[in-house]
Amino acid sequence: MNPHHGIHIAAECAVDDDIMARCERLIPALGPGHWFSHRTAARIWGMPLQPAYSATEGLHVLSVGTRVALRHAGVIGWVTSADPVQREMFGLLPVVSPADVWCQLAQRGAVVGGALIAHEWLVAAADYLLTGKRQPDGTRGTAPCTVDDLEAAIFRRGRGRGTAALRRALADARSPVDSPYETRTRLGLVAHGLPEPQVQVPVETTEGRRHADLGYPSRKLVIEYQGEEHRSSRKRWLSDLTRVQLFQDAGYEVFLIGAGDVDPDCSALAARVRRALSRETAR
(Lines give C-alpha, C1' and ligand atoms only; values in the text may rest on other atoms or scores of the structure.)
Protein backbone atom coordinates (compact mmCIF):
# COMPACT_ATOMS: atom_id res chain seq x y z
CA MET A 1 0.00 0.00 0.00
CA ASN A 2 1.13 3.58 -0.68
CA PRO A 3 -0.24 6.02 1.95
CA HIS A 4 2.05 8.70 0.43
CA HIS A 5 4.04 8.74 -2.82
CA GLY A 6 7.29 6.85 -2.33
CA ILE A 7 6.24 5.42 1.05
CA HIS A 8 5.14 1.81 1.21
CA ILE A 9 3.56 -0.28 3.96
CA ALA A 10 2.62 -3.94 3.91
CA ALA A 11 -0.81 -4.56 2.43
CA GLU A 12 -1.81 -6.74 5.38
CA CYS A 13 -1.20 -3.88 7.80
CA ALA A 14 -4.35 -2.05 8.81
CA VAL A 15 -4.25 1.64 7.90
CA ASP A 16 -5.34 3.98 10.67
CA ASP A 17 -6.77 7.19 9.26
CA ASP A 18 -6.62 9.38 12.37
CA ILE A 19 -4.43 12.47 12.17
CA MET A 20 -1.60 11.08 14.29
CA ALA A 21 -1.25 7.88 12.25
CA ARG A 22 -1.33 9.74 8.94
CA CYS A 23 1.39 12.12 10.12
CA GLU A 24 3.54 9.27 11.41
CA ARG A 25 3.35 7.56 8.02
CA LEU A 26 4.69 10.74 6.39
CA ILE A 27 7.78 10.95 8.64
CA PRO A 28 10.10 9.13 6.16
CA ALA A 29 9.44 11.92 3.65
CA LEU A 30 10.38 14.70 6.07
CA GLY A 31 13.76 16.35 6.39
CA PRO A 32 15.18 18.16 9.46
CA GLY A 33 13.60 21.43 8.34
CA HIS A 34 10.07 20.06 7.94
CA TRP A 35 7.47 20.56 10.65
CA PHE A 36 3.73 19.86 10.78
CA SER A 37 1.97 23.21 10.85
CA HIS A 38 -1.26 25.17 10.39
CA ARG A 39 -4.46 23.06 10.42
CA THR A 40 -2.59 19.76 10.85
CA ALA A 41 -0.57 20.96 13.85
CA ALA A 42 -3.69 22.50 15.38
CA ARG A 43 -5.42 19.11 15.18
CA ILE A 44 -2.37 17.40 16.72
CA TRP A 45 -2.51 19.81 19.66
CA GLY A 46 -6.28 19.25 19.98
CA MET A 47 -7.46 22.75 19.09
CA PRO A 48 -11.13 23.03 18.06
CA LEU A 49 -11.54 23.77 14.35
CA GLN A 50 -14.31 23.91 11.80
CA PRO A 51 -14.73 21.92 9.62
CA ALA A 52 -14.16 18.77 11.65
CA TYR A 53 -11.29 16.43 10.79
CA SER A 54 -11.52 14.43 7.58
CA ALA A 55 -9.21 11.52 6.75
CA THR A 56 -8.92 12.89 3.21
CA GLU A 57 -7.74 16.39 4.09
CA GLY A 58 -4.21 17.38 3.16
CA LEU A 59 -1.43 17.47 5.74
CA HIS A 60 0.15 20.90 6.28
CA VAL A 61 3.95 20.89 6.45
CA LEU A 62 6.15 23.97 6.97
CA SER A 63 9.63 24.01 5.40
CA VAL A 64 11.91 26.18 7.55
CA GLY A 65 15.00 27.92 6.19
CA THR A 66 14.15 27.44 2.52
CA ARG A 67 12.01 28.86 -0.25
CA VAL A 68 11.03 25.44 -1.52
CA ALA A 69 7.85 23.87 -0.15
CA LEU A 70 7.64 20.13 0.44
CA ARG A 71 6.10 18.60 -2.68
CA HIS A 72 4.37 15.37 -1.85
CA ALA A 73 1.00 13.77 -2.58
CA GLY A 74 -1.49 14.70 0.12
CA VAL A 75 0.73 17.48 1.50
CA ILE A 76 0.00 21.21 1.62
CA GLY A 77 3.42 22.85 1.72
CA TRP A 78 4.35 26.17 3.38
CA VAL A 79 7.75 27.87 3.50
CA THR A 80 9.60 30.36 5.66
CA SER A 81 13.11 31.48 4.83
CA ALA A 82 13.50 32.91 8.34
CA ASP A 83 12.85 31.04 11.59
CA PRO A 84 10.03 32.95 13.33
CA VAL A 85 8.32 29.97 14.94
CA GLN A 86 9.09 27.73 17.88
CA ARG A 87 8.93 24.01 17.31
CA GLU A 88 8.49 20.95 19.52
CA MET A 89 8.23 17.18 19.32
CA PHE A 90 4.83 15.61 19.93
CA GLY A 91 5.82 12.00 20.38
CA LEU A 92 7.45 11.14 17.04
CA LEU A 93 6.05 14.17 15.26
CA PRO A 94 7.93 17.45 14.66
CA VAL A 95 5.26 20.10 15.22
CA VAL A 96 5.11 23.89 15.38
CA SER A 97 4.49 24.97 19.00
CA PRO A 98 0.88 25.57 20.12
CA ALA A 99 1.21 29.37 20.41
CA ASP A 100 2.77 29.71 16.97
CA VAL A 101 0.25 27.32 15.42
CA TRP A 102 -2.53 29.52 16.79
CA CYS A 103 -0.92 32.47 15.00
CA GLN A 104 -0.68 30.45 11.79
CA LEU A 105 -4.44 29.85 11.87
CA ALA A 106 -4.94 33.53 11.02
CA GLN A 107 -3.25 33.04 7.63
CA ARG A 108 -5.42 32.67 4.56
CA GLY A 109 -5.75 29.01 3.67
CA ALA A 110 -4.46 27.79 7.05
CA VAL A 111 -7.69 25.90 7.78
CA VAL A 112 -9.71 25.95 4.55
CA GLY A 113 -8.03 26.57 1.22
CA GLY A 114 -8.27 30.20 0.15
CA ALA A 115 -10.33 31.25 3.17
CA LEU A 116 -9.68 33.06 6.44
CA ILE A 117 -10.67 31.47 9.74
CA ALA A 118 -13.78 32.99 11.36
CA HIS A 119 -13.13 35.20 14.38
CA GLU A 120 -15.17 32.98 16.69
CA TRP A 121 -13.07 29.91 15.86
CA LEU A 122 -9.80 31.82 16.32
CA VAL A 123 -11.09 32.84 19.77
CA ALA A 124 -12.22 29.26 20.48
CA ALA A 125 -8.71 28.00 19.71
CA ALA A 126 -7.24 30.61 22.08
CA ASP A 127 -9.75 29.68 24.80
CA TYR A 128 -8.69 26.04 24.43
CA LEU A 129 -4.99 26.88 24.74
CA LEU A 130 -5.59 29.01 27.84
CA THR A 131 -7.65 26.28 29.55
CA GLY A 132 -6.13 23.20 31.17
CA LYS A 133 -7.86 19.87 30.64
CA ARG A 134 -10.33 18.91 33.33
CA GLN A 135 -9.10 15.94 35.37
CA PRO A 136 -11.30 13.11 36.73
CA ASP A 137 -11.12 14.64 40.23
CA GLY A 138 -12.48 17.96 38.92
CA THR A 139 -9.17 19.84 38.97
CA ARG A 140 -7.49 21.18 35.84
CA GLY A 141 -4.15 20.36 34.36
CA THR A 142 -1.67 22.99 33.23
CA ALA A 143 -2.93 24.97 30.25
CA PRO A 144 -0.92 24.56 27.01
CA CYS A 145 -0.33 28.34 26.84
CA THR A 146 -0.54 31.51 28.86
CA VAL A 147 -1.67 34.90 27.60
CA ASP A 148 2.00 35.90 27.63
CA ASP A 149 2.84 32.92 25.38
CA LEU A 150 0.24 33.97 22.81
CA GLU A 151 1.32 37.61 22.97
CA ALA A 152 4.95 36.56 22.44
CA ALA A 153 3.95 34.47 19.42
CA ILE A 154 2.12 37.44 17.92
CA PHE A 155 5.21 39.59 18.53
CA ARG A 156 7.39 37.05 16.69
CA ARG A 157 5.18 37.46 13.63
CA GLY A 158 6.00 41.15 13.47
CA ARG A 159 3.57 42.99 11.25
CA GLY A 160 2.64 40.02 9.12
CA ARG A 161 -0.83 39.43 7.76
CA GLY A 162 -3.31 38.32 10.37
CA THR A 163 -1.71 40.17 13.27
CA ALA A 164 -4.70 42.47 13.78
CA ALA A 165 -7.07 39.48 13.76
CA LEU A 166 -4.90 37.71 16.32
CA ARG A 167 -4.83 40.69 18.66
CA ARG A 168 -8.60 41.05 18.40
CA ALA A 169 -9.09 37.34 19.11
CA LEU A 170 -6.73 37.38 22.09
CA ALA A 171 -8.63 40.35 23.55
CA ASP A 172 -11.83 38.25 23.35
CA ALA A 173 -10.27 35.05 24.74
CA ARG A 174 -11.22 33.82 28.23
CA SER A 175 -10.45 30.87 30.49
CA PRO A 176 -11.39 28.36 31.64
CA VAL A 177 -13.65 27.39 28.73
CA ASP A 178 -14.46 23.73 28.08
CA SER A 179 -16.14 23.85 24.66
CA PRO A 180 -15.99 25.89 21.46
CA TYR A 181 -19.77 26.17 21.69
CA GLU A 182 -19.34 27.96 25.02
CA THR A 183 -16.99 30.38 23.25
CA ARG A 184 -19.44 30.91 20.40
CA THR A 185 -22.35 31.41 22.81
CA ARG A 186 -20.40 34.03 24.74
CA LEU A 187 -19.40 35.90 21.60
CA GLY A 188 -22.87 35.53 20.08
CA LEU A 189 -24.62 37.08 23.08
CA VAL A 190 -22.21 40.02 23.06
CA ALA A 191 -22.71 40.46 19.30
CA HIS A 192 -26.45 40.82 19.95
CA GLY A 193 -25.89 43.63 22.42
CA LEU A 194 -25.97 41.72 25.71
CA PRO A 195 -23.41 42.06 28.49
CA GLU A 196 -20.64 39.50 28.26
CA PRO A 197 -21.50 36.44 30.36
CA GLN A 198 -18.97 35.25 32.90
CA VAL A 199 -17.28 31.89 32.24
CA GLN A 200 -17.35 29.05 34.77
CA VAL A 201 -19.71 30.81 37.17
CA PRO A 202 -19.21 29.55 40.76
CA VAL A 203 -22.46 28.61 42.49
CA GLU A 204 -22.63 27.66 46.16
CA THR A 205 -25.04 24.74 46.45
CA THR A 206 -26.17 22.40 49.21
CA GLU A 207 -23.59 19.91 47.93
CA GLY A 208 -20.69 22.32 47.68
CA ARG A 209 -19.49 24.68 45.00
CA ARG A 210 -20.42 23.90 41.41
CA HIS A 211 -19.48 25.81 38.25
CA ALA A 212 -21.91 26.66 35.46
CA ASP A 213 -20.56 27.04 31.92
CA LEU A 214 -21.68 30.66 31.49
CA GLY A 215 -23.90 33.11 33.26
CA TYR A 216 -24.73 36.37 34.93
CA PRO A 217 -24.19 35.68 38.65
CA SER A 218 -25.50 39.09 39.75
CA ARG A 219 -28.76 38.31 37.92
CA LYS A 220 -28.96 34.70 39.16
CA LEU A 221 -28.97 33.29 35.62
CA VAL A 222 -26.66 30.55 34.32
CA ILE A 223 -26.30 28.86 30.93
CA GLU A 224 -25.34 25.20 30.53
CA TYR A 225 -24.30 23.82 27.14
CA GLN A 226 -25.44 20.25 26.41
CA GLY A 227 -23.19 18.52 23.87
CA GLU A 228 -23.38 15.06 22.32
CA GLU A 229 -21.77 13.44 25.35
CA HIS A 230 -24.67 14.65 27.48
CA ARG A 231 -27.04 12.66 25.27
CA SER A 232 -24.95 9.53 24.77
CA SER A 233 -23.76 9.01 28.35
CA ARG A 234 -26.43 8.06 30.88
CA LYS A 235 -24.00 8.80 33.72
CA ARG A 236 -23.33 12.30 32.37
CA TRP A 237 -27.05 12.89 31.80
CA LEU A 238 -27.94 11.97 35.40
CA SER A 239 -25.05 14.08 36.72
CA ASP A 240 -26.30 17.07 34.72
CA LEU A 241 -29.83 16.65 36.07
CA THR A 242 -28.42 16.87 39.58
CA ARG A 243 -26.37 19.96 38.66
CA VAL A 244 -29.44 21.73 37.28
CA GLN A 245 -31.46 20.92 40.40
CA LEU A 246 -28.65 22.20 42.62
CA PHE A 247 -28.45 25.45 40.63
CA GLN A 248 -32.21 25.90 40.82
CA ASP A 249 -32.28 25.17 44.56
CA ALA A 250 -29.61 27.87 44.95
CA GLY A 251 -32.02 30.34 43.35
CA TYR A 252 -30.65 30.42 39.79
CA GLU A 253 -32.59 30.35 36.55
CA VAL A 254 -30.95 27.74 34.31
CA PHE A 255 -30.86 27.88 30.50
CA LEU A 256 -30.04 24.49 28.96
CA ILE A 257 -28.85 25.01 25.40
CA GLY A 258 -27.56 22.87 22.53
CA ALA A 259 -25.93 23.31 19.15
CA GLY A 260 -29.21 24.49 17.63
CA ASP A 261 -29.19 27.51 19.93
CA VAL A 262 -25.78 28.57 18.59
CA ASP A 263 -25.98 27.61 14.90
CA PRO A 264 -26.25 29.57 12.70
CA ASP A 265 -26.24 32.37 15.28
CA CYS A 266 -27.45 33.15 18.79
CA SER A 267 -30.29 35.51 17.87
CA ALA A 268 -33.13 33.44 19.40
CA LEU A 269 -31.09 32.63 22.51
CA ALA A 270 -30.08 36.28 22.89
CA ALA A 271 -33.74 37.28 22.85
CA ARG A 272 -34.53 34.73 25.59
CA VAL A 273 -31.61 35.87 27.73
CA ARG A 274 -32.57 39.52 27.25
CA ARG A 275 -36.11 38.81 28.45
CA ALA A 276 -34.79 36.92 31.47
CA LEU A 277 -32.41 39.72 32.41
CA SER A 278 -35.23 42.24 32.02
CA ARG A 279 -37.46 40.20 34.35
CA GLU A 280 -34.69 40.09 36.95
CA THR A 281 -34.17 43.86 36.65
CA ALA A 282 -37.91 44.43 37.11
CA ARG A 283 -37.84 42.38 40.32
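As the structure is a computational prediction, the values presented were derived from the model and not from experiment.
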Closer than 3.5 angstrom, by distance alone: can the side chain of [X] be matched with the main-chain N or O of [Y] as a donor-acceptor pair?
X: Arg219; Y: Leu277; value: yes
X: Ser175; Y: Val177; value: no
X: Thr139; Y: Gln135; value: no
X: Trp102; Y: Leu122; value: yes

Q: Test Arg210 against Glu204 for salt bridge (charged side-chain N to carboxylate O under 4.0 Å, His left out), laying out the working first.
A: CA-CA 6 Å; Arg210 298 288 189 273; Glu204 301 299 335; over 6 Å; no

Might you point out which heavy atoms bring [X] and [Y] nearest each other, and give the distance in Å?
X: Lys133; Y: Tyr128; value: CE-OH, 3.8 Å
X: Ala99; Y: Asp149; value: CB-O, 3.8 Å
X: Gly258; Y: Tyr225; value: C-CE1, 3.4 Å

(Q) Would you say CZ of Phe155 has more than 12 non-hydrogen atoms from neighbouring residues, nucleotides or ligands within 6.0 angstrom? (A)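 Result for CZ/Phe155: open.
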
Check this for me: does any side-chain nitrogen of one of [X] and [Y] sit under 4.0 Å from a carboxylate oxygen of the other?
X: Glu196; Y: Arg174; answer: yes
X: Glu57; Y: Arg39; answer: yes
X: Asp178; Y: Arg134; answer: yes

My understanding is that only residues two or more places apart in sequence, or in another chain, count here; which of them pass side-chain hydrogen bond (donor to acceptor under 3.5 Å, both in side chains) with [X]?
X: Arg108; answer: none
X: Arg243; answer: Glu224
X: Ser97; answer: Asp100

**Q.** Cluster overlap Leu30 with Ile19, hydrophobic side-chain contacts below 4.5 Å
**A.**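 Yes.
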
Q) In the hydrophobic cluster built from side-chain contacts under 4.5 Å, what are the other members alongside Val254? A)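 Same cluster as Val254: Val201, Val203, Val222, Val244, Phe247, Tyr252, Leu256.
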
Q: Go through the structure and list residues passing side-chain contact (heavy atoms from CB on, under 4.5 Å) with Arg67, not counting sequence neighbours.
A: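 Counting only residues at least two positions away or on another chain, Arg67 forms a side-chain contact (heavy atoms from CB on, under 4.5 Å) with Ser81.
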
N/O donor to acceptor pairs below 3.5 angstrom from side-chain atoms of residues 163-173, sequence neighbours left out:
from, atom 1, to, atom 2, distance (Å)
Thr163, OG1, Gly158, O, 3.4
Thr163, OG1, Gly160, O, 2.7
Asp172, OD2, His119, NE2, 2.8

Q: Indicate whether any N or O donor in one side chain lies under 3.5 Å from an N or O acceptor in the other, for Asp265 and Ser267.
A: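 A donor-acceptor contact under 3.5 Å links the two side chains.
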
Q.
What I want to check is whether the side chains of Tyr181 and Asp263 have a donor and an acceptor closer together than 3.5 Å.
A.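 Judged by distance alone, the side chains do pair up.
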
